[in-house]
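Since the structure comes first, as C-alpha cells, the remarks are kept for the end.
Throughout, a chain's letter reflects where its sequence line sits, starting with A, and its residues are numbered from 1.
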Amino acid sequence: MARLTLWRWGVLGLAGLYFLVPLAASVVFTVDVPGQGIDLDAYTQIFSTGGFTSSLLLSLELAAATIALVLLLMVPAMVALRLGAPRLRPVVEVVCSLPLVVPPIAFVAGIGTVLKWGPEHLSRTPLFQTFVAIQNPDFPFVLVLAYVVMALPFVYRALDAGLRSVDVRTLVEAARSCGAGWPQALVRAVLPNLRGALLNASFLTLALVLGEFTVAQLLGFQPFAVWIVNISGSQAQLSVAVSVLSLLVTWVLLLTLAGFGGRTRTTSRG
Amino acid sequence: MTVTTPDTAATVEFRGLRREFGPTVALDGLDLTARPGELLALLGPSGCGKTTALRMLAGFEHPDSGEVLVDGEDVTRVPAHRRDAGMVFQSYSLFPHLDALDNVAFGLRMRKVRTAGRRTRAAELLELVGLADKGRSFPHQLSGGQQQRVALARALALRPRVLLLDEPLSALDAKVRLTLREEIRRLQQELGITTLFVTHDQEEALSMADQVAVMHAGRLEQCAAPAELYGRPATAFVAEFVGTMSRIPGRLVEGGVEVLGQRLPIDGQAPEVSATSEVDVLVRPEAVGVRAEDAGSARVVATAFLGAAVRVTVRLADGTEAKADLPTHEAAALVAGAAVSVSLPQRPVLVAERTR
Ligand SMILES: Nc1ncnc2c1ncn2[C@@H]1O[C@H](COP(=O)(O)OP(=O)(O)OP(=O)(O)O)[C@@H](O)[C@H]1O
Ligand SMILES: [Mg+2]
C-alpha cells in the first residue's frame with residue numbers, strides 16, 4: 001500500500017515537473033531582467049497594447065455563440081438518433097468525425113473561396129447582405145459557423161458518452177406518461193441527466209475556440225489567439241509573457257466553467 | 001386515505017390490434033376487454049406481444065390497424081401525454097436527477113399544480129406506498145423494490161384512469177416480489193383503478209388478477225378468471241402454458257376417449273381428427289394416480305420433493321412421460337426405476353390433437 005502511494009506521488013511529481021518546469025522557466029524569463037531583478041514590464045506592456053480586452057471579448061463571444069449553436073444542433077439530433085434511427089448512428093459518427101481529417105488550412109481555403117464567390121454571383125440578391133453580415137468584423141458569424149463544424153467531433157463524442165449512460169427512451173416515455181409533451185420531456189427529464197456531457201462538450205468547445213488561430217487569421221479577423229501572435233512579433237520577452245497570460249486566461253475560464261457545473265450539481269443534490 | 005378514488009373506473013378495450021415490425025408480427029388482431037376496476041393480467045411467453053399491447057394503450061406505439069378504446073372512446077390518435085394512463089416500467093425508470101418526492105411530483109409539475117399542493121400530494125402518495133421517510137432520497141440511494149414503489153406512486157400521482165404495469169417486479173428478488181405484488185393488489189383494490197399487468201410469470205398472474213388474458217403469437221388465446229383458466233383451459237396452448245400438463249396418448253372412441261385402458265368422457269369439444277383417431281389426453285399432475293405395482297408397465301423416472309407433495313415423473317409403456325403429484329407419504333415407495341401403474345380419475349378429460 002505504502003509502496004503504491006509512493007509510486008503515485010512519484011508519477012504525479014514527474015508529470016507535474018513536465019508541465020511546471022517549462023511554465024516556471026517562462027514566467028522567470030518574462031519577469032527577470034538580467035542585472036535589474038524582477039520587473040513586470042512585459043505584462044504591463046501587454047495591457048497597454050491596444051486590443052487585449054476587445055480580442056478576448058470577441059473570443060469569448062464567439063465561444064458562447066459556438067457552444068449555443070453546436071448544442072442546439074447536436075442535442076436534439078442525437079436524442080432523435082437514439083430514439084428514432086439507431087441504425088444511422090455509424091453514419092452520423094463518421095460525418096461528425098470528418099473535421100478531424102480535413103486540415104484547417106484546407107477548410108479555411110474552402111470557406112475563403114465561398115466567401116469570395118458569393119458576393120460576385122449573388123450581388124443582386126438579398127443573400128448578398130447575408131454574406132456581408134456574417135463577415136462583420138465586430139462579430140464574424142462566419143467564424144462561429146466554422147467553429148461549429150470544427151467542434152463537431154468533440155461534441156459528438158462527449159454527448160455520445162453521456163447518452164450511453166442514461167436510458168433515454170425510458171426517461172422520455174416515463175416523462176410522457178406523466179403528462180409531459182415532447183419538448184418538456186427533453187428539457188425536464190433528459191437534459192438534466194446529461195449535465196456532465198453538456199459540460200464536457202462546452203468545455204472542449206471553449207478550449208477549441210480560445211486557441212483557434214488558423215481559420216481566424218486566414219479569414220482576417222482578430223480574436224484572442226490571433227491578437228497574441230500579432231503583438232508578440234519579434235519581442236521575445238513579450239511573446240512569452242503573452243503565452244503565459246493566455247494559458248492563465250484559458251485555465252481560469254475552464255475552471256470557472258467546471259466550478260459552475262460542479263456547484264449547480266451539489267446544490268441540486270443538497 | 002383520500003388519495004385517489006376515481007368516480008368511475010374506466011373500461012379498456014382493444015379491437016383488432018395489429019402491428020408488424022418488419023417481418024415480425026407483434027400483434028395479430030388482438031381483441032381484449034378489461035372491465036372497470038379490475039386487474040387484468042396479460043400472460044404469455046416471451047415475444048408474444050404483451051409489451052406492445054400495453055404500449056399501445058399508453059400511446060408509445062401505434063397500431064397498423066385496429067383501435068384502442070377507453071370508456072368507449074377511441075384514443076388511438078391521442079398522444080401519450082394526454083392519455084391519462086399511469087405506467088410503471090420494467091426497467092428502473094425514475095428520473096435520476098430528482099429525489100423520490102420530486103419524482104412523484106413530476107407529473108403534477110407538468111400539470112402546473114402549485115408547489116405546496118404537489119408537495120403535499122407527493123408526500124401522501126409516498127406514504128401510500130410505504131416510503132414516507134424516503135422522500136429526500138435519490139433513486140441511486142434506493143433499493144430496486146423501493147424504486148418500483150416510487151415509480152408506482154409516480155404513476156398514480158395524476159389519478160390516471162388506467163394503470164399500466166409492464167413486468168414491474170421482474171428485476172426484483174423473489175421475496176421482495178412477493179410482498180410488492182400483494183401490495184400492488186391491495187392498492188389497486190383500494191383505489192378501484194382499472195389495471196393492466198403484464199407478466200410472463202403465471203403464478204403472479206393467477207394469484208393477483210381478476211382476469212387473466214393468455215396471449216400467444218400476437219393473439220388472445222383465452223381471457224378468463226384464474227380458476228377457470230386453470231380448470232377449463234380453452235385451448236391446448238393455454239392448458240400447457242398455465243400450470244403443468246402432461247400429454248398421454250389416447251384414442252377417440254364412441255362417446256369418449258380411451259386412455260391408459262380406461263374409457264373417459266371428453267371435456268368440451270373433441271378435436272377434428274381426420275385420418276386416425278389418435279389424440280393426446282391432457283392431464284394435470286394432481287389428477288394422475290400412481291401406484292407401486294410389480295406388474296405395472298410404467299417406470300418411475302425421477303422424483304422431486306415439493307414440500308407437501310412429491311412430483312413423480314413416470315415413463316409409460318410407449319415411452320411418453322407423465323408427471324404426477326402425490327402426497328409425500330404415498331410417494332415413499334416410489335424410487336427411480338420402480339414399476340408402477342398409472343390411472344386417471346373417472347372425470348371428463350381435455351383432449352388435444354396429437355402433436356408427435
Ligand atoms: N421496436 C421494435 N422493433 C422491432 N421489433 C419489435 C419492437 N418491439 C417489439 N418487437 C418485436 O415484437 C414482438 C413482440 O414484442 P413484445 O415486446 O411485445 O413481447 P413481450 O410479450 O413483451 O415479450 P417479453 O415477455 O420478452 O417482454 C417481438 O418479436 C419483438 O421482437
Ligand atoms: Mg415485454
Side-chain angles (χ1 to χ4, degrees), chain A residues 71 75-76 79-89 158-202 260-270, chain B residues 22 51 54-55 57-61 78-99 102-113 118 122 136-141 147-148 150-160 162-166 171:
Chain A
L71 290 184
V75 171
V79 170
L81 200 66
R82 288 243 140 197
L83 294 178
R87 266 181 296 170
L88 278 183
R89 228 175 70 196
L159 290 182
D160 193 54
L163 284 168
R164 258 173 226 276
S165 66
V166 292
D167 184 351
V168 182
R169 177 182 294 274
T170 308
L171 285 184
V172 167
E173 285 180 357
R176 275 163 62 69
S177 78
C178 286
W182 266 108
Q184 274 182 316
L186 201 62
V187 173
R188 299 255 179 217
V190 179
L191 284 194
N193 293 302
L194 289 182
R195 189 189 354 239
L198 294 178
L199 211 66
N200 277 346
S202 314
F260 176 70
R263 200 177 53 244
T264 47
R265 159 152 260 141
T266 45
T267 47
S268 86
R269 291 262 145 148
Chain B
T51 299
L54 202 71
R55 288 166 55 83
L57 181 51
F60 299 138
E61 203 74 73
V78 178
H81 60 284
R82 305 232 185 79
R83 286 275 176 114
D84 220 359
M87 181 144 175
V88 177
F89 296 81
Q90 176 171 3
S91 52
Y92 300 133
S93 63
L94 294 183
F95 305 121
H97 64 294
L98 297 176
D99 62 25
D102 286 339
N103 259 288
V104 177
F106 185 87
L108 301 164
R109 190 156 149 202
M110 294 297 116
R111 292 278 158 90
K112 312 243 184 308
V113 177
R118 63 176 194 248
R136 296 267 71 120
S137 306
F138 283 87
H140 66 94
Q141 297 164 327
Q147 287 191 47
Q148 289 303 63
V150 176
L152 183 64
R154 182 178 69 181
L156 290 170
L158 289 176
R159 302 170 210 266
V162 283
L163 179 62
L164 308 177
L165 308 167
D166 186 3

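A search for side-chain hydrogen bond (donor to acceptor under 3.5 Å, both in side chains) contacts involving A:Glu173 returns B:Arg55, not counting sequence neighbours. Remark: B:Asp99 pairs with B:Leu101, B:Asp102, B:Arg136, B:Phe138 by the side chain to side chain contact (heavy atoms under 4.5 Å, CB included) rule, at least two apart or across chains.
When all heavy atoms of B:Leu94 and A:Leu171 are compared, the closest pair comes out as O-CD2, 3.9 Å. Between B:His97 and A:Ala189 the shortest heavy-atom distance is CE1-O, 3.9 Å. Closest non-hydrogen pair, B:Leu158 versus A:Cys178, comes out as CD1-O, 3.3 Å. Considering every non-hydrogen atom in both A:Ser177 and B:Phe89, the closest pair reads OG-CE1, 4.3 Å. Between A:Thr170 and B:Ser93, the shortest heavy-atom contact is CG2-CB, 3.3 Å.
Residue contact with chain A, scored on non-hydrogen atoms closer than 4.5 Å, is absent for B:Leu98. Only the side chain of B:Arg111 comes within contact range of chain A, with heavy atoms under 4.5 Å apart. Interface residue B:Phe95: backbone and side-chain heavy atoms are both found under 4.5 Å from chain A. For A:Ala185, no part sits under 4.5 Å from any heavy atom of chain B, backbone or side chain.
When the candidates B:Arg109, B:Met110, B:His81 are compared by the number of heavy-atom contacts under 4.5 Å with chain A, B:His81 comes out ahead. Between chain A and the residues B:Arg83, B:Arg154, B:Arg82, B:Gln90, the largest count of heavy-atom pairs under 4.5 Å involves B:Arg154. Of the listed residues (B:Ala58, B:Gly107, B:Pro79), the greatest number of heavy-atom pairs within a distance under 4.5 Å of chain A belongs to B:Gly107.
Remark: A:Gln184 CD to B:Phe106 CZ distance equals 7.5 Å, nearest 0.5 Å.
Other residues, nucleotides and ligands contribute only 12 or fewer heavy atoms inside 6.0 Å of the CZ atom of A:Arg188.
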